[in-house]
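Notes follow the structure.
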Amino acid sequence: NGNHIIENIDYGWPIDAGQDPVLEGWTIYLGDAKGGVIDTTVTDSNGEYLFNHLVDGTYTVWEELQPGWVLTTATSTYTIDIAQNASVDRVDFANFKPGSITGCKFNDQNFNGAWDKGEPTMAGWTIHLDGHILAQPGGLEVHRTTETNEGGCYSFDNVWFGNYLVSEENQDGWFQTYPDRSGQPGPHPFNFKWFVWMRSGLEFNNADFGNSRKINEPIGTIHGYKWNDENANGQRDCELTGVHCEPLMGNWQINLYQG
């Protein structure tokens with residue numbers, strides 16, 4: 001019972017004050033039959049508001065919409081007839097706040113599929129957002145693109161209720177290393193992509209992408225030998241004939257560290 005302002009978390013209808021979050025601190029107006037303001041109130045911690053001590057007559061009720069929100073109820077203004085001290089409940093308003101998706105693009109310099117400290121971001125890479133707005137009958141298709149900025153990051157704002165895939169557009173000479181779920185249990189139909197189930201007010205952050213240079217690109221090499229320095233002089237000695245040299249030693253582990 002009562003009258004409420006509700007966050008329509010999944011753009012569903014009918015709204016449910018017991019399931020959807022309520023919105024505190026929203027202004028509600030009570031007007032006369034022509035819309036002239038008679039009184040105002042603010043929703044409480046339960047998202048509820050009340051106008052009482054009303055004489056018989058026709059009233060209008062509407063909310064003050066807050067920035068970044070949209071109204072999802074069928075009407076923006078209710079017309080209410082009060083007679084014989086009647087009480088009218090469920091004069092509710094539901095609202096939805098479009099969400100956002102953000103992330104960055106990084107150079108996975110050590111090919112480990114993770115964004116390690118010191119690895120730089122990359123500007124000018126195209127990121128795609130594809131999906132369906134489920135608030136529309138049949139699901140309205142969405143296809144949006146953006147580019148990573150000078151800081152190597154991107155954002156999609158004003159994302160409506162629905163399901164989406166976020167993917168990168170790869171560039172020549174690179175291969176993608178993150179997000180890579182191929183080594184995890186279970187099927188991964190969206191490997192190297194981010195799946196987002198957008199609900200009201202969701203800020204989906206850290207939808208990052210990592211890439212490394214392809215192995216067949218020109219890269220440096222380090223080559224050497226391991227030998228038994230029999231005379232401990234710090235160099236590999238051979239007889240003048242070259243027939244005998246200090247012997248090589250196999251099966252020794254050599255470590256490479258990046259400074």
Heavy atoms, side chains only, cut-off 4.5 Å: are [X] and [Y] in contact?
| X | Y | result |
| --- | --- | --- |
| Asp44 | Tyr49 | no |
| Asp92 | Thr73 | no |
| Ile82 | Val88 | yes |
| Ile28 | Thr40 | no |
| His132 | Val142 | no |
| Met198 | Pro98 | no |

Of all the heavy-atom pairs spanning [X] and [Y], show the shortest one and how long it is.
| X | Y | value |
| --- | --- | --- |
| Trp174 | Met122 | CH2-SD, 3.6 Å |
| Trp69 | Leu65 | O-CD2, 3.5 Å |
| Pro179 | Phe209 | CD-CD2, 3.8 Å |
| Trp194 | Asp208 | NE1-O, 2.8 Å |
| Tyr164 | Ile133 | OH-CG1, 3.5 Å |
| Leu71 | Ala94 | CD1-O, 3.3 Å |

Quick one: pull up [atom1] in [X] and [atom2] in [Y] and give me the separation to the nearest 0.5 Å.
| X | Y | atom1 | atom2 | result |
| --- | --- | --- | --- | --- |
| Ile127 | Ser155 | CD1 | OG | 11.0 Å |
| Leu165 | Asp130 | CG | CG | 7.0 Å |
| Ser212 | Phe111 | OG | CZ | 5.0 Å |
| Thr60 | Ile38 | OG1 | CD1 | 7.0 Å |
| Tyr154 | Thr146 | OH | OG1 | 9.5 Å |
| Leu134 | Trp160 | CG | CH2 | 12.5 Å |

Worksheet item: Pairs in or reaching into residues 55-107: which pass disulfide (SG to SG under 2.5 Å), with residues at least two apart or in two chains?
Response: Cys104-Cys153

Item to complete: Could you note down all residue pairs passing disulfide (SG to SG under 2.5 Å) where residues 29-88 supplies at least one of them, sequence neighbours left out?
Response: none

Practice prompt. List the steps and the verdict of side chain to side chain contact (heavy atoms under 4.5 Å, CB included) for Thr58 and Thr79.
Written response: CA-CA 7 Å; Thr58 300; Thr79 300; 3.7 Å; yes

Item to complete: Name all pairs fulfilling the side-chain hydrogen bond (donor to acceptor under 3.5 Å, both in side chains) condition that reach into residues 113-127, sequence neighbours left out, sorted by first residue then second.
Response: Asn110-Asp116, Asn112-Asp116

Worksheet item: Can you list every side-chain hydrogen bond (donor to acceptor under 3.5 Å, both in side chains) pair that touches residues 23-38, not counting sequence neighbours?
Response: Tyr29-Glu64

In the single-linkage hydrophobic clustering (I, L, V, M, F, W, Y; side-chain heavy atoms under 4.5 Å), do [X] and [Y] co-cluster?
| X | Y | answer |
| --- | --- | --- |
| Phe156 | Leu140 | yes |
| Val42 | Val91 | no |
| Trp62 | Tyr59 | no |

Discussion item. Suppose we call two aromatic rings close when their centres sit under 6.0 Å apart. Are Tyr78 and Phe93 close by that rule?
Written reply: yes

For a quick test of your reading: what N or O donor-acceptor pairs under 3.5 Å do the side chains of residues 247-254 make, sequence neighbours left out?
from, atom 1, to, atom 2, distance (Å)
Gln253, NE2, Asn255, OD1, 2.8

Between [X] and [Y], is there a donor-acceptor pair closer than 3.5 Å when you use the side chain of the first and the backbone of the second?
| X | Y | answer |
| --- | --- | --- |
| Ser200 | Lys97 | yes |
| Thr43 | Leu23 | yes |
| Asn46 | Glu48 | no |
| Thr77 | Val61 | no |

Worksheet item: Using the ring of each side chain (for Trp, its six-membered ring), is Tyr178 parallel, tilted or perpendicular to Phe106, with breaks at 30° and 60°?
Response: tilted

Worksheet item: Can you list the residues that meet the salt bridge (charged side-chain N to carboxylate O under 4.0 Å, His left out) rule with Glu7, with sequence neighbours excluded?
Response: none

Item to complete: Go through Glu63 and Asn95 one step at a time and tell me if the side chain to side chain donor-acceptor pair (under 3.5 Å) criterion holds.
Response: CA-CA 10 Å; Glu63 70 172 11; Asn95 297 273; 3.1 Å; yes

Pair [X]-[Y], side-chain donor/acceptor within less than 3.5 Å:
| X | Y | value |
| --- | --- | --- |
| Asn8 | Thr72 | yes |
| His128 | Glu168 | no |
| Gln176 | Asp108 | no |

Practice prompt. Would you sort out whether Phe204 and Phe195 count as a side chain to side chain contact (heavy atoms under 4.5 Å, CB included), showing the intermediate values?
Written response: CA-CA 10 Å; Phe204 192 94; Phe195 176 78; over 6 Å; no

